[in-house]
Protein chains: 2
Amino acid sequence: MAVELDEIDVKLLTQLQQDADRTNLELAELVGLSPAATLHRVRRLKESGAIRIISAQVDAAAVGFPLTVFMAVTTGNARATERFEREVQLLPQVVAAETVAGEMDYWVTVVARDVEDLEHTLTRIATHGGGRVVTYLRLKQLKPPTPLPLLPSSTTRQRRRG
Amino acid sequence: MAVELDEIDVKLLTQLQQDADRTNLELAELVGLSPAATLHRVRRLKESGAIRIISAQVDAAAVGFPLTVFMAVTTGNARATERFEREVQLLPQVVAAETVAGEMDYWVTVVARDVEDLEHTLTRIATHGGGRVVTYLRLKQLKPPTPLPLLPSSTTRQRRRG
DNA sequence: GGTGAAAGAAAAGACTT
DNA sequence: AAGTCTTTTCTTTCACC
């Protein structure tokens with residue numbers, strides 16, 4: 001919790017997570033601040049690292065990747081782990097990967113143009129350090145990415161539940 | 001594959017996925033086009049649905065959510081499924097959820113301020129339709145979200161592998 | 001940290017190729 | 001579709017509160 005947020009910061013972050021494709025003027029109006037102050041705030045949020053990047057969310061299916069597969073992966077020994085981590089970085093079809101603690105060791109997101117493409121990527125992973133591999137074919141978004149349930153940093157510890 | 005892309009579209013989408021916080025002028029220079037043409041292209045990509053939204057990627061840990069947990073969930077009967085889907089929509093700590101085909105039925109992303117907060121959310125899910133629930137605590141990003149490995153839509157079917 | 005105004009930059013539109 | 005030019009609008013900075 002490195003960054004302190006007041007109510008306006010929370011509003012700004014919530015708005016920007018939903019749609020960052022707005023002019024500073026619109027944003028200022030939305031949060032009830034002057035354009036100049038809004039600009040300052042947003043810059044501060046970027047510099048502080050609260051906002052990592054602004055990026056375009058591309059519809060994978062619309063641009064030729066109708067298949068998205070999530071994979072839970074375990075690796076055996078240190079050698080396999082190393083191979084696996086390298087392979088994940090190299091394969092462009094792997095669009096995200098996380099290290100996790102639990103029943104499995106990694107969570108990997110793969111996109112594919114077709115079943116053949118998919119099979120190729122899964123095989124590569126299975127034969128490059130992947131031990132147990134469980135795959136899940138993404139069917140649909142039940143809840144699309146939602147803004148974080150932010151709260152202002154109160155001096156007296158905040159606590160609220162949804 | 002609803003949207004046809006040429007080489008410049010691919011460049012634009014790749015750039016915008018990495019950083020959409022640039023002026024149209026900079027973007028135009030990057031892809032080697034005039035500002036007006038670039039503006040047209042980007043608008044077209046938004047209208048066609050290739051670009052879903054432009055959004056701020058917020059660092060959850062930096063703004064008070066040090067814990068991210070992925071959950072694989074199965075629901076039993078139709079009644080449990082309905083309860084579960086409703087709960088997922090209601091809980092603000094659930095920041096994303098997907099329907100998947102495979103060993104489990106859902107993939108859910110949860111953020112939490114602390115272990116207590118997390119326990120609360122996991123219990124809510126487990127007691128609202130969640131059948132078998134497997135949780136994975138996110139440790140670190142192995143491969144941060146990467147642009148899709150886009151290719152221009154050639155008339156003769158394109159095919160390339162990484 | 002905020003406001004308001006003025007200068008500079010970028011986006012939007014019309015026209016040409 | 002793309003380039004250039006002009007108009008309109010937004011962004012940015014600065015002086016002040």
Side-chain angles (χ1 to χ4, degrees), chain A residues 1-59 62-64 150-156 158, chain B residues 1-59 62-64 150-156 158:
Chain A
M1 202 174 321
V3 182
E4 292 283 305
L5 308 173
D6 65 12
E7 280 181 35
I8 291 179
D9 292 324
V10 167
K11 278 191 195 175
L12 284 170
L13 287 175
T14 302
Q15 289 298 334
L16 290 173
Q17 282 176 275
Q18 290 173 307
D19 183 3
D21 198 12
R22 277 188 281 231
T23 66
N24 185 57
L25 248 57
E26 292 175 289
L27 197 58
E29 179 127 11
L30 277 168
V31 303
L33 224 60
S34 73
T38 304
L39 209 61
H40 257 139
R41 293 268 195 159
V42 173
R43 189 174 303 161
R44 222 188 114 272
L45 288 169
K46 286 173 187 165
E47 281 168 2
S48 71
I51 295 174
R52 224 197 275 273
I53 58 164
I54 309 283
S55 69
Q57 306 305 308
V58 171
D59 184 329
V63 296
L150 297 168
L151 292 176
S153 331
S154 9
T155 323
T156 61
Q158 87 280 111
Chain B
M1 202 174 322
V3 182
E4 292 283 306
L5 307 173
D6 65 12
E7 279 180 37
I8 292 177
D9 292 324
V10 167
K11 278 190 196 175
L12 284 170
L13 288 174
T14 302
Q15 290 297 335
L16 290 173
Q17 283 176 273
Q18 290 173 306
D19 183 3
D21 197 13
R22 277 187 280 230
T23 65
N24 184 59
L25 253 55
E26 291 176 288
L27 196 58
E29 179 127 13
L30 277 168
V31 303
L33 223 60
S34 74
T38 304
L39 210 59
H40 262 140
R41 291 268 194 160
V42 173
R43 189 173 304 160
R44 220 188 115 270
L45 288 169
K46 286 173 187 166
E47 281 168 2
S48 70
I51 295 174
R52 225 197 276 272
I53 58 164
I54 308 285
S55 69
Q57 307 305 307
V58 171
D59 184 329
V63 297
L150 297 168
L151 293 176
S153 331
S154 12
T155 324
T156 61
Q158 87 279 111

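This structure is a prediction, so every number in the text was calculated from the model and none was measured. Within every chain, numbering begins at 1; the chains are lettered A, B, ... in the order of the sequence lines, protein sequences first and strands thereafter.
Across the protein-nucleic acid pair, B/Arg22 atom CZ and C/dA9 atom C1' stand 18 Å apart, rounded to whole Å. Atoms CG (B/Asp6) and C1' (D/dA1) sit 10 Å apart, rounded to a whole Å. Atom CG of A/Leu12 and atom C1' of C/dG1 are 14 Å apart (whole Å). Atom CG of A/Leu27 and atom C1' of D/dT9 are 17 Å apart (whole Å). Remark: C1' of D/dT11 and CG of A/Asp21 are 16 Å apart, rounded to the nearest angstrom. Between the CG atom of B/Leu25 and the C1' atom of D/dC10 there is a distance of 14 Å, rounded to whole Å. Here C/dA9 presents its C1' atom at 15 Å from CD of B/Glu29, a figure rounded to the nearest Å. One interatomic measurement links the two molecules: NE2 of B/His40 to P of D/dT4, which rounds to 15 Å at whole-angstrom precision.
Distances from the side chain of A/Ala36 to the nucleotides D/dT13, D/dT11, C/dG2 place D/dT13 closest. The side chain of B/Ala37 lies closest to D/dG3 when the candidates are C/dA10, D/dG3, D/dT11. Listed candidates were C/dA11, D/dG3, D/dT12. Nearest to the side chain of B/Asn24 is C/dA11. For B/Leu39, whose side chain is taken as the heavy atoms from C-beta onward, the closest listed nucleotide among C/dA12, C/dT3, D/dT4 is C/dA12.
Across all strands, A/Arg43 comes closer than 4.0 Å only to sugar-phosphate atoms, never to a base (heavy-atom distances).
For B/Arg44 and D/dA2, the shortest distance from a side-chain N or O to OP1 or OP2 is not below 4.0 Å. In this model, the phosphate group of C/dG2 is approached by a side-chain N or O of A/Arg41 to a distance below 4.0 Å at OP1 or OP2.
Heavy atoms from other residues, nucleotides or ligands lying under 6.0 Å from CD of A/Glu7 number 12 at most. Within 6.0 Å of CD on B/Glu26 lie more than 12 heavy atoms contributed by other residues, nucleotides or ligands. For A/Gln18, the CD atom is densely surrounded, since the number of other residues' heavy atoms within 6.0 Å is greater than 12.
Side-chain atoms of A/Arg41 and A/Asp6, non-hydrogen and from C-beta on, do get closer than 4.5 Å to each other.
In this structure, CG on B/Asn24 lies 5.5 Å from OG1 on B/Thr38, to the nearest 0.5 angstrom.
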